[in-house]
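Reading through the structure tokens given below for one structure.
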Amino acid sequence: MTIPSAIEQSETSTKPSAETSFAERLDRLASVAVNVGLGLAPGQELVMTASTDAIPLARRITEQAYRAGASLVTTFYTDEEATLARFRYAPEESFERAPGWLFNGIAEAFRGGSARLAIAGADPALLANEDPQKVARANVANSKAYRPALEYITRHEINWTIVAAATPAWARRVFPNEPENIAVTKLWDAIFATTRIDVPDPVSNWREHDAQLRRRAALLNERRFATLHFRGPGTDLRVGLADDHLWMGGGTKAHNGLDCIPNMPTEEVFTTPHKDRVEGYVTSTKPLSYQGTLIENIAVRFEGGAITEARATQGETVLRRMIETDAGARRLGEVALVPNSSPIARSGLLFLNTLFDENAASHIALGQAYSTCIRGGDTLDSAQLAAKGANESLIHVDWMIGSGSIDLDGLHVDGTAEPLMRSGEWVG
Ligand code: ZN
Ligand code: ZN
């Protein structure tokens, strides 16, 4: 699962009919985001974040939210040129700062029952040429200041969702050989296809897809595996699962009683690994875009749950800095399973955005665990969660370890194995 940053820094997919205009598809995306993704309730407030490049979608969502009965929609826009100006011209002390007053206000909105929608679409390489020390310091300051608000999200206190808009800067990175207008059109097409918008009835299609993901999670919950064993080229990894771990997939019921689907698209079922019970080595199967840097061919070894060796053919310095963020940054907070036939995998695109790329392949995340993936986890304090094996960190970074050549077994406590995936596809 992808969680909204502080402020933005298929089998059923068919070709849209010629009559379906771009405006209609944008409206369908907005409607699905508000009514299925967010599950907005009449009278509820909405806090939205978006880049200035995503204004057309933000306006459609605002309209759909008011039509659905929103009492107030408040949108915070960010501008990537302004972000760059900070890294180039701000004094050193800037990079210890974050707008805590604003984040506290957002936390107060959540406490008051507001829903949260993030429009993703940032330039994945925006900060690639900026001083990595400044980027890391600014990120830590931001993470700390945003934490009180983020807890409403990670604990699912409120209904929230993330959808994407094709922005010119992002589209240029995904389709570097196309003129900008073609690149943006292609990226929108890919977003509409993988977000299940180009179907006759996107709302009922989403409900069926959601039910399938929930069924898969329920099956895994019945099996109560102790460990997952991934095998493939460059990978032989045993991921112990947290005590009382809970598999989740598709939508969730937030503690305010509202059903939401936090990520659009979503193809994963996921749970909480045990922070001390990960052994072996694993190689990434897709590049990771982290803070504007592409990290490629990650190869790490885990012992006793922690990374003891970390290499990458590109971006290794950024990888090392990432896992040194804090004590929990070198341990796992999530393991997720995605079949190789997911619409995103079949698109063949590297979106350079976790919301999409994490739904293309099975993955693991370094850092913070989701307390909702532990039975009764929302009623436990952090010491109780840690005792069950849930990891704690300021970061949560997903990277892909699945492909068409990965086999996966579920291991019971006594060591007996059950095949779960063969060549990247579900067994049964
Ligand atoms: Zn994740
Ligand atoms: Zn995930």
Side-chain angles (χ1 to χ4, degrees), residues 1-6 37 118 120 124 143 146 150-151 153-156 160-164 194-195 209-210 213-214 216-217 220 228 230 237 239 241-242 245-252 260-275 278 282 284-291 295 298 300 322-323 325 328-340 342-345 351-374 377 385 390-403 406 408 420-421 424:
M1 182 163 53
T2 301
I3 53 180
S5 55
S143 299
Y146 191 57
L150 189 62
E151 287 199 337
I153 308 284
T154 55
R155 289 179 176 268
H156 288 278
W160 59 276
T161 196
I162 309 182
V163 290
T194 56
T195 315
H209 176 54
D210 181 33
L213 289 171
R214 288 179 191 234
R216 180 67 66 185
L220 287 165
L228 300 178
F230 294 88
L237 185 72
V239 178
L241 300 180
H245 69 270
L246 197 59
W247 285 93
M248 296 183 63
T252 52
C260 65
I261 299 178
N263 285 186
M264 294 189 133
T266 185
E267 302 287 336
E268 60 173 346
V269 289
F270 58 101
T271 194
T272 296
H274 194 293
K275 64 186 174 65
V278 183
V282 61
S284 65
T285 51
K286 277 176 177 273
L288 163 65
S289 169
Y290 181 70
Q291 293 179 355
I295 310 178
I298 300 171
V300 300
M322 176 179 89
I323 65 179
T325 306
R330 58 179 61 237
R331 293 175 187 270
L332 293 189
E334 178 192 348
V335 59
L337 306 178
V338 178
N340 198 48
S342 95
I344 298 161
F351 285 82
L352 303 170
N353 183 308
T354 303
L355 178 63
F356 290 83
D357 292 329
E358 79 163 330
N359 285 299
S362 295
H363 55 274
I364 49 181
L366 292 171
Q368 182 67 35
Y370 297 111
S371 58
T372 43
C373 287
I374 300 280
L385 286 168
N391 194 35
E392 200 173 29
S393 173
L394 285 173
I395 68 162
H396 177 99
V397 182
D398 299 276
W399 49 281
M400 308 313 127
I401 63 168
S403 72
I406 291 286
L408 173 68
L420 288 179
M421 285 182 155

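One-based numbering, in listed order, for ligands and for the atoms of each. Position 1 is the first residue of the sequence; numbering continues from there. Computed from a prediction, not measured in an experiment: that's the story for all the values here.
The N, O or S atom of Asp398 lying closest to the Zn ion (ligand 1) is OD1. In Glu334, the N, O or S atom that comes nearest to the Zn ion (ligand 2) is OE2. Of all the N, O or S atoms in Glu268, the one closest to the Zn ion (ligand 2) is OE1.
No side-chain donor-acceptor contact under 3.5 Å links Thr272 to the backbone of Ile374. Ser284 places a side-chain N or O within 3.5 Å of a backbone atom of Ile298 that can act as its donor or acceptor partner. With Thr271 contributing its side chain and Leu246 its backbone, the two residues share a donor-acceptor pair below 3.5 Å. Judged by distance alone, with hydrogens and angles left aside, the side-chain atoms of Asp357 form a donor-acceptor pair with the main-chain N or O of Leu352 at under 3.5 Å.
In this structure, the ring of His363 has its center no less than 6.0 angstrom from the ring center of Phe270.
At a cut-off of 2.8 Å, His396 coordinates the Zn ion (ligand 1) through an N, O or S atom. For Glu358, every N, O or S atom stays at 2.8 Å or more from the Zn ion (ligand 1).
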